[in-house]
Amino acid sequence: MNGPHATPVRLAFLIAPQFSMMSFSAAIEPLRSANRQAGRTLYEWQLVSTDGRDVEASNGIRVAVDCALASLARPDLLVVCVSLDPEQWAAERAVLHVLRRLARHGCRVGAISSGAFVLAEAGLLAGRAATVHWEYADAFHARFPRLALVPDLYVVDREVFTCSGGTAALDLMLHFIREQCGPALAVSVAEQFMHPRIRDHGDRQRMDIDTRYGLDDPKLATAIRQMEQALEEPLPMTALARRVGVSVRQLERLFQSRFGTTPTRFYVRLRLERARALLLQGARPVREIALECGFGSTSHFCHAYRAAFQTSPTADRQTGWGARPG
């Protein structure tokens, strides 16, 4: 989309069942605003599903589409919008075939949130950097260990782009608006959405630990950071204290004072929350997830899980509450 276009840029949004309405809206609304502020149609878009039927978003709202993917005329950009069960959706062979065909014929193909799984399965991320919503980063790396995954808000690598989701989709589209129409229009659109700073692709997806936990103690922040980086093979408290530069007793006092619990229990909770996110993302075996989150046996994991969440891992997966990344 380099340079001004005499004709509108044509986009298609391929929406999967349980797609994120937040990411979808954050991608479309900047285009609508750009058209309005330019006083002409800079962008046109269609909504597409695999079979041409309406699609239900993760919030329960049903969205009508314009056509089925198979009948889509080649757009300038195709955006794959996926949220839940990306690995299952990436198994849709007909979808992968169409994506590859469009890419071969000059269409820029991209994805929002966990749609990167679909692009990877189609072979469109080979030799390129990509990003995905932070909750799905571990699952993506496990499935595609040879691909270059980065923790950026969005990545535009030649004719393929990926976006972590949520409001990062707004920044991605502002990038494209700036690329086509210049910075003035991009800034004007951002201001319409009270978005005071257009974030760069390399900005963080997540808040830093100090902000997330409301901390003002750098040693406590360091301890939590070390825990988050070692979920699969949990650090003994002696090793953790050594990395933080305090004694075990001092470490215990820090956690007790701020969180009212011990560092050991806080660490277990972090591992359980990570396990819960992995459970709700797909159909990976419970034992595999337990090991990945530092539990030596399935029985130990299930006991700790029930104590923390008042339900079993299997029951929690069947309910699926909370599995709603951006």
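Quick caveat: nothing in here was measured; it's all calculated off a predicted structure.
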- I would like to know whether E159 and R108 meet salt bridge (Lys or Arg N to Asp or Glu O under 4.0 Å); could you show each step before the answer? CA-CA 5 Å; E159 297 307 303; R108 292 180 89 170; 3.5 Å; yes
Heavy-atom pair with the smallest gap, counting every atom of [X] and [Y]:
X: D76; Y: P8; answer: OD2-O, 3.9 Å
X: Q37; Y: V189; answer: NE2-CA, 3.6 Å
X: F140; Y: V132; answer: CB-CG1, 4.3 Å
X: Y154; Y: R178; answer: OH-NH2, 4.4 Å
X: S312; Y: R306; answer: CB-NH2, 3.3 Å
X: A64; Y: D54; answer: CA-OD1, 3.4 Å

- Message: Tell me whether the rings of Y136 and H133 are parallel (<30°), tilted (30 to 60°) or perpendicular (>60°).
- Response: perpendicular
Is there a donor-acceptor pair under 3.5 Å between the side chain of [X] and the backbone N or O of [Y]?
X: T131; Y: D152; answer: yes
X: Q250; Y: S247; answer: yes
X: Y305; Y: A290; answer: no
X: Q46; Y: D66; answer: no
X: R258; Y: L220; answer: no
X: D171; Y: I198; answer: no
X: T222; Y: V244; answer: no
X: D316; Y: T311; answer: no
X: R128; Y: L124; answer: yes
X: S25; Y: M21; answer: yes

ILVMFWY network linking [X] to [Y], side-chain heavy atoms under 4.5 angstrom:
X: Y43; Y: V65; result: yes
X: L235; Y: F295; result: no
X: V55; Y: I112; result: yes
X: L270; Y: L291; result: no
X: L31; Y: V156; result: yes

So how far is it from [X] [atom1] to [Y] [atom2], rounded to the nearest 0.5 Å?
X: M237; Y: L240; atom1: CE; atom2: CG; result: 5.0 Å
X: Q256; Y: T261; atom1: CD; atom2: OG1; result: 6.5 Å
X: L47; Y: F19; atom1: CG; atom2: CZ; result: 8.0 Å
X: L215; Y: D208; atom1: CG; atom2: CG; result: 9.0 Å
X: T262; Y: R253; atom1: OG1; atom2: CZ; result: 14.5 Å
X: L231; Y: E292; atom1: CG; atom2: CD; result: 9.0 Å

- Item | Residues F301, L272; criterion side chain to side chain contact (heavy atoms under 4.5 Å, CB included); working and verdict | CA-CA 8 Å; F301 169 65; L272 287 169; 4.0 Å; yes
Within a 6.0 Å radius of atom [atom1] on [X], are there more than 12 heavy atoms belonging to other residues, nucleotides or ligands?
X: R53; atom1: CZ; value: no
X: R100; atom1: CZ; value: yes
X: R206; atom1: CZ; value: yes
X: R249; atom1: CZ; value: no
X: R62; atom1: CZ; value: yes

Please tell me if the side chains of [X] and [Y] come closer than 4.5 Å, counting only heavy atoms from C-beta onward.
X: M227; Y: P263; result: yes
X: R36; Y: Q192; result: yes
X: V63; Y: F13; result: no
X: L11; Y: P75; result: no
X: R93; Y: L96; result: yes
X: E92; Y: L69; result: no
X: D138; Y: E232; result: no
X: L14; Y: V95; result: yes

- Task: Show the numbers, then the answer: is there a salt bridge (Lys or Arg N to Asp or Glu O under 4.0 Å) between E121 and R143?
- Result: CA-CA 10 Å; E121 198 67 47; R143 180 158 181 156; 2.7 Å; yes
- Message: Looking at F309, I'd like to know if the NZ or CZ of R276 sits under 6.0 Å from its six-membered ring centre while staying within 45 degrees of the ring's axis.
- Response: yes
- Residues E228, R225: salt bridge by 4.0 Å N-O rule: no
- After noting the C-alpha distance and the side-chain angles of F266 and Y213, does the key distance pass the ring pair (Phe, Tyr, Trp, His ring centres under 6.0 Å) rule? CA-CA 12 Å; F266 186 94; Y213 290 97; 5.8 Å; yes
- Between F161 and F176, does a ring pair (Phe, Tyr, Trp, His ring centres under 6.0 Å) hold up when you go through it step by step? CA-CA 11 Å; F161 56 93; F176 285 144; 5.1 Å; yes
- Message: I'd like to know whether L72 forms a side chain to side chain contact (heavy atoms under 4.5 Å, CB included) with V98, so could you lay out the CA-CA distance, the side-chain angles of the two residues, the decisive distance to 0.1 Å, and finally the verdict.
- Response: CA-CA 10 Å; L72 176 68; V98 173; 6.0 Å; no
- Task: Going by the side chain to side chain contact (heavy atoms under 4.5 Å, CB included) test, name the single residue among H175, R199, H201 that passes it with L153.
- Result: R199
